[in-house]
Protein chains: 2
Amino acid sequence: MTDTAPHPRPARSAGRELKEKGLFEAARAVFAEEGFKGATTAEIARRAGVPKANLHYYFPTKEALYRAVTEEILTDWLAAASSFDEKDDPKEAITAYIGAKMDLARADPLGSRIWASEILRGAPVIKDFLETTLAEWIASREAIMRRWIEAGKIRPLEPRYFFYMIWATTQHYADFEDQIRALNGGVPLSDEQFQKAKAQVVDTILHGITPL
Amino acid sequence: MTDTAPHPRPARSAGRELKEKGLFEAARAVFAEEGFKGATTAEIARRAGVPKANLHYYFPTKEALYRAVTEEILTDWLAAASSFDEKDDPKEAITAYIGAKMDLARADPLGSRIWASEILRGAPVIKDFLETTLAEWIASREAIMRRWIEAGKIRPLEPRYFFYMIWATTQHYADFEDQIRALNGGVPLSDEQFQKAKAQVVDTILHGITPL
DNA sequence: GATGGATTTGACCAAGTGGTCAATTCACGT
DNA sequence: ACGTGAATTGACCACTTGGTCAAATCCATC
């Protein structure tokens with residue numbers, strides 16, 4: 001009320017952000033379905049409901065748009081990864097981490113699919129992330145797990161392959177959603193089914209690494 | 001020596017099959033890297049070392065070539081799957097199956113990647129396979145596992161989600177090979193590393209489902 | 001209501017795209 | 001040597017691609 005100019009500059013900025021968001025989300029969907037090369041700027045613009053020339057006003061090139069999309073995905077990945085560090089107890093940490101990864105796969109399957117598609121084509125855009133940030137992440141968590149192993153808290157194993165199993169299994173529910181749907185009578189997993197799957201993944205892996 | 005006509009008709013046929021094979025293999029590589037839409041017939045022809053027009057002599061359309069490639073992959077998949085049925089004991093059956101899937105991922109990563117790429121784009125070509133052959137396969141193996149559960153041979157679990165875990169984990173070593181390489185100091189897993197990974201996958205999953 | 005930068009967009013372009021085709025070359029039986 | 005069908009391929013085509021651009025339109029400010 002006291003503000004006589006509710007959106008003097010924000011108006012422009014907000015409009016811009018909204019349109020940019022629309023293009024961004026449309027791009028996520030198309031990149032997830034078609035991959036980087038298969039995606040077309042025309043299709044992205046069409047889904048966002050703007051002329052193609054307008055897309056190029058907000059994002060100079062298809063690759064710039066793609067890079068913006070991937071960056072957000074890496075951020076989300078790291079956020080989920082942080083749940084591994086919140087507990088000192090192996091079971092709690094692993095349970096939290098698997099849960100976070102499963103929830104992310106459920107909440108943002110497109111992100112997971114874009115990641116998968118990016119790896120499949122040789123990871124040209126995120127290669128640096130893999131070689132630096134991700135490599136450091138897994139190295140330090142590997143050290144943590146080795147301490148757990150030495151303390152007899154979990155069975156001896158190669159931590160890397162353990163993480164691969166978690167990544168593969170959790171991301172499978174996003175990347176292969178269409179296959180899972182086909183095997184589920186043509187309908188997507190319900191929330192109950194997904195929760196059960198999540199519990200089973202946690203349960204099986206936890207049992208798999210618990211000492212006798 | 002006795003045969004004065006070493007390749008009278010076989011020559012033609014063999015030449016044809018060889019060229020077809022070359023195109024087929026080139027297509028596998030390009031489809032695996034770029035996906036169906038991203039792959040170009042020009043690139044496939046270039047890798048096979050033949051003019052593009054020649055490709056269309058052997059395979060009328062890009063999609064016909066793609067279908068030929070996918071059909072072989074489904075055959076390989078089923079062959080690996082049969083190893084599940086060779087043993088009556090759960091541990092032996094699952095060990096054999098995981099081993100076969102891991103070996104397939106190692107021997108033919110391209111096939112696994114084409115499958116993944118096909119699912120990512122909505123499985124237009126193999127949807128029928130998923131809904132019929134694969135659905136039947138998992139349904140009957142689900143029944144087998146339920147019997148094992150009732151007999152107390154394995155812990156109670158939802159067989160479907162168990163198979164998803166196996167598929168995800170084993171295929172991960174093919175589909176995410178580039179990521180694994182990046183996390184392995186830039187070099188692919190050696191044979192020893194891969195064998196160790198395979199053993200650990202078997203071991204963890206087996207422990208994960210073995211009753212206390 | 002005039003100014004000027006931000007935004008919008010139809011028209012356009014050079015470079016690919018999957019696919020065709022007619023002309024040529026090949027390999028074999030005669 | 002010759003005839004014939006299989007195989008090869010350069011040239012071509014209609015269409016799509018990512019990206020450009022100049023002209024139009026908006027809209028906060030003065």
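Numbered from 1 within each chain, the chains take letters A, B, ... in sequence-line order. Treat the numbers as computed from the prediction; the structure is a model and nothing was measured.
- Between B:F59 atom CZ and D:dA7 atom P there is a gap of 13 Å when expressed in whole angstrom units.
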Tell me, for nucleotides 10-25 of chain D in 5' to 3' order, what letter each nucleotide earns: B for a base near a protein heavy atom under 4.0 Å, S for only sugar-phosphate near one, - for neither?
B------SBBBB----
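- Straight-line distance from the CD atom of A:E20 to the P atom of C:dT8: 11 Å, rounded to whole Å.
- Considering only heavy atoms from C-beta on, B:T133 stays 4.5 Å or farther from B:D128 through its side chain.
- Listed for the B:T204 side chain is a donor-acceptor partner under 3.5 Å among the backbone atoms of B:Q200.
- The phosphate of D:dA7 (OP1 or OP2) has a side-chain N or O of B:Y57 nearer than 4.0 angstrom.
- Listed by chain and number, the residues in a side-chain hydrogen bond (donor to acceptor under 3.5 Å, both in side chains) with A:Y97 are A:W167 (sequence neighbours excluded).
- Atom CD1 in B:I44 sits roughly 13 Å away from atom C1' in C:dT17 (whole-Å rounding).
- Taking five base pairs at each end of the helix from C:dG1-D:dC30 to C:dT30-D:dA1, the local helix axes there meet at an angle of 0°, rounded to 10°.
- With sequence neighbours excluded, the residues satisfying side-chain contact (heavy atoms from CB on, under 4.5 Å) with B:K127 are B:E131.
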Mind running side chain to side chain donor-acceptor pair (under 3.5 Å) on A:Q179 and B:Y164 for me, showing each step along the way?
CA-CA 10 Å; A:Q179 175 175 303; B:Y164 296 164; over 6 Å; no
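- Between A:I209 and A:I94, the closest side-chain pair of non-hydrogen atoms falls below 4.5 Å.
- In this structure, B:K19 is not positioned above the aromatic face of B:Y58 in the sense of NZ or CZ being under 6.0 Å from the six-membered ring centre and within 45° of the axis.
- At distances below 3.5 Å, at least one donor-acceptor pair connects side-chain atoms of B:E118 with backbone N or O atoms of B:I126.
- Residues meeting the side-chain hydrogen bond (donor to acceptor under 3.5 Å, both in side chains) test with A:S112, sequence neighbours left out: A:D175.
- Atom NZ of A:K37 sits in a crowded spot, with more than 12 heavy atoms from other residues, nucleotides or ligands closer than 6.0 Å.
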Which atom pairs link the protein and nucleotides 23-26 of chain C when you take only N or O atoms and keep those under 3.5 Å?
none

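- Here the OG1-CZ distance, from B:T70 to B:F36, works out to 10.0 Å after rounding to the nearest 0.5 Å.
- Distance, B:R46 CZ to C:dG16 C1': 15 Å, rounded to whole Å.
- Atoms CG (B:L55) and P (D:dT8) sit 12 Å apart, rounded to a whole Å.
- Under 4.0 angstrom from either OP1 or OP2 of C:dT8 there lies at least one side-chain N or O belonging to A:Y58.
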